[in-house]
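Below, each value reflects all heavy atoms present in this structure, side chains not excepted, and no hydrogens, waters or symmetry copies. Proteins get letters first, then strands, A, B, ... in listed order; numbering begins at 1 in each.
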Amino acid sequence: MTKVTMTVNGKTVAKEVRGNTLMTEFLRDELRLTGTHVGCDTSQCGACTIHVNGLNVKACTIFAAECDGAEVGTIEGQANADGSLNVIQQAFQDHHGLQCGFCTPGMVMAAASLLKDNPKPSEAEIRHYLEGNICRCTGYHNIVKAIMAASGQDVSVIAAE
Amino acid sequence: MYSFEIVRPTSLADAVAALGQDEAQALAGGQTLIPSLKQRLAQPSVLVSLTAIAEMQGVSAEGGVLTLGGGTTHGTVAREAAAHYPALAALASNIGDPAVRNRGTVGGSLANNDPAACYPAAALASGATIVTNSREIAMEDYFQGMFTTALEEGEIITAVRFPIPEKAAYIKFEQPASRFALVGVFVAKFADGVRVAVTGASEEGVFRWTEAEEALSGNFSATALDGLTVSADGLMSDIHGSSAYRAHLIGVLTKRAVAAAA
Ligand SMILES: Cc1cc2nc3c(=O)[nH]c(=O)nc-3n(C[C@H](O)[C@H](O)[C@H](O)COP(=O)(O)OP(=O)(O)OC[C@H]3O[C@@H](n4cnc5c(N)ncnc54)[C@H](O)[C@@H]3O)c2cc1C
Ligand code: FES
Ligand code: FES
């Protein structure tokens, strides 16, 4: 067991972990932050996307011990301080960017990373950026539309709702 | 996964010492190693994380050579190599997806030598030098068949030096589910000749297409390749493509790479 200390959504946590504890296990089982979903566990689907030191990574493919000293962000930390949905989350709701919602935490976390680097992405840039986030329900159009809307752009060019 | 400890040394010397222990293995971005640990394909007792070693990070260009720290992520190469070696930066920016690029490293890719990986094609076409904690390895000696390299047990890739070509391009025909190369071709034109490296195709891993190199060294245009074909013997055949299809793709992608570079 090794002791790890990190901040998760702004709060400092310190825990003993095994070497082979994945971040998905640490967040879900130790911290009870179950918004980080496990779709594939093989780094394909992106449902487990979190932020580590400001970069999006797949929590199923990084060990908790590797995040010692890191700043970690998860979907639970995305809402505004008053508990209302942030602009990306609200856009997913407004534009029907989810159906079952399983992929949604990862989509929102990936979208946040995209908009941080590229505040006004084109439709093609959004689609390319989401290559590592798989959704089996929506067909993606409304996800792309939500991200366009969250970036303050016209959404009428994206396929109809 | 079997159980193991993780250590995170902050200096190369400490990492080399840690890798001297029994059943120790290097962990870089983990984008290949963690999935294989989950499948119990490896059973290390200690994983030595290389991500906290500052001397293995970074991109620098000097005297016509681009040097990447062995622990530099694909994402960093995509951003920071663009001004110096655009074809290499473009290759890095198309590996996997953004989250994979934020973790996966050039050293991990070259140490792993997956027969469908992108970096081996860039290294071979550029005539790169692999710098380790103990020596420098020339490209001619480095790749030794799929998933096999000249690296010794516990040897760490600390940096990779890429001579910067006059013109270059990498064209990847993506296997759409994995985003690895079904076939990828890297063409690099130097003052003293052209090098063409092919990944994704051969059962032996990345290789140079010497006939194309000769044709292109005299005339760097796609038409110089007219009539040249690659034999399907020794090429991979799987559900994604037959060896004959891969042989065909090599010809087509090489032409596209030359057109993109010219
Ligand atoms: C969804 C997905 C898509 C991908 N798509 C592509 C793609 O399109 N093209 C492509 O080329 N790759 C692709 N990859 C692979 C990716 O580039 C990996 O990051 C890379 O192959 C391994 O790098 P790593 O840093 O993650 O190494 P790790 O997984 O940490 O290590 C891999 C191996 O290398 C050894 N090692 C690591 N670093 C060093 C070092 N510095 N010195 C010596 N040995 C070392 C380790 O011990 C291990 O055996 C993809 C991966 C995923 C998960
Ligand atoms: S659960 Fe991590 S990528 Fe699918
Ligand atoms: S909404 Fe169901 S997987 Fe995306």
Side-chain angles (χ1 to χ4, degrees), chain A residues 1-4 16-26 38 40-70 106-107 109-118 121 125-134, chain B residues 1-10 23-53 71 73-76 78-79 90 93-105 108 174-180:
Chain A
M1 302 286 270
T2 347
K3 182 158 185 208
V4 296
E16 294 274 325
V17 295
R18 285 175 286 115
N20 63 5
T21 301
L22 296 164
M23 272 306 273
T24 40
E25 297 167 329
F26 184 72
V38 181
C40 64
D41 206 25
T42 56
S43 32
Q44 311 288 319
C45 76
C48 66
T49 304
I50 60 170
H51 297 159
V52 175
N53 293 329
L55 296 174
N56 49 324
V57 306
K58 292 177 179 177
C60 71
T61 312
I62 182 169
F63 294 114
E66 297 181 273
C67 295
D68 189 31
M107 290 287 178
M109 298 305 281
S113 296
L114 167 64
L115 297 185
K116 196 173 98 186
D117 290 347
N118 183 356
E125 286 169 339
I126 295 171
R127 290 185 189 276
H128 181 66
Y129 199 88
L130 293 182
E131 273 185 343
N133 292 80
I134 294 174
Chain B
M1 270 179 282
Y2 296 109
S3 63
F4 48 77
E5 292 296 312
I6 294 188
V7 294
R8 286 181 83 218
T10 52
E23 308 294 328
Q25 187 173 1
L27 170 68
Q31 300 303 295
T32 295
L33 183 54
I34 295 176
S36 57
L37 289 168
K38 288 178 181 177
Q39 294 176 291
R40 296 194 165 192
L41 295 174
Q43 190 175 5
S45 57
V46 184
L47 285 186
V48 180
S49 165
L50 305 177
T51 52
I53 303 173
T73 64
H74 310 321
T76 300
R79 283 187 299 275
S93 73
N94 279 309
I95 290 177
D97 57 62
V100 168
R101 295 195 286 275
N102 282 336
R103 295 296 299 167
T105 65
E174 257 179 42
Q175 201 278 81
S178 75
R179 294 178 290 280
F180 273 89

B:Lys38 bridged to A:Asp41 by N-O distance under 4.0 Å
yes
Check [X] against [Y] and note the closest heavy-atom contact, atom names and distance.
X	Y	value
B:Asp97	A:Gly132	OD2-CA, 3.3 Å
B:Tyr2	A:Asn20	O-ND2, 3.0 Å
A:Gln44	B:Arg179	O-NH2, 4.3 Å
B:Glu5	A:Met1	OE2-N, 3.8 Å

When rounded to the nearest 0.5 angstrom, what distance separates [atom1] in [X] from [atom2] in [Y]?
X	Y	atom1	atom2	value
B:Asn94	A:His128	CG	NE2	5.0 Å
B:Arg8	A:Thr2	CZ	OG1	11.0 Å
A:Lys58	B:Arg103	NZ	CZ	13.0 Å
A:Leu55	B:Thr76	CG	OG1	7.5 Å

Engaged part of [X] at the chain A interface, taking heavy atoms whose separation is under 4.5 Å:
X	result
B:Leu33	neither
B:Ala52	neither
B:Thr73	neither

Chain B contact via A:Ile62 - which portion, at a heavy-atom distance below 4.5 Å
both
Chain B heavy atoms under 4.5 Å from A:Thr61: which part of the residue, side chain, backbone, both or neither?
both
Most heavy-atom pairs under 4.5 Å with chain B, out of A:Leu22, A:Thr49, A:Thr42, belong to A:Leu22
Counting heavy-atom pairs under 4.5 Å with chain A, which one of B:Ser3, B:Ser178, B:Pro98 comes out on top?
B:Pro98
Side-chain touch B:Ile34/A:Glu66, heavy atoms, less than 4.5 angstrom:
yes
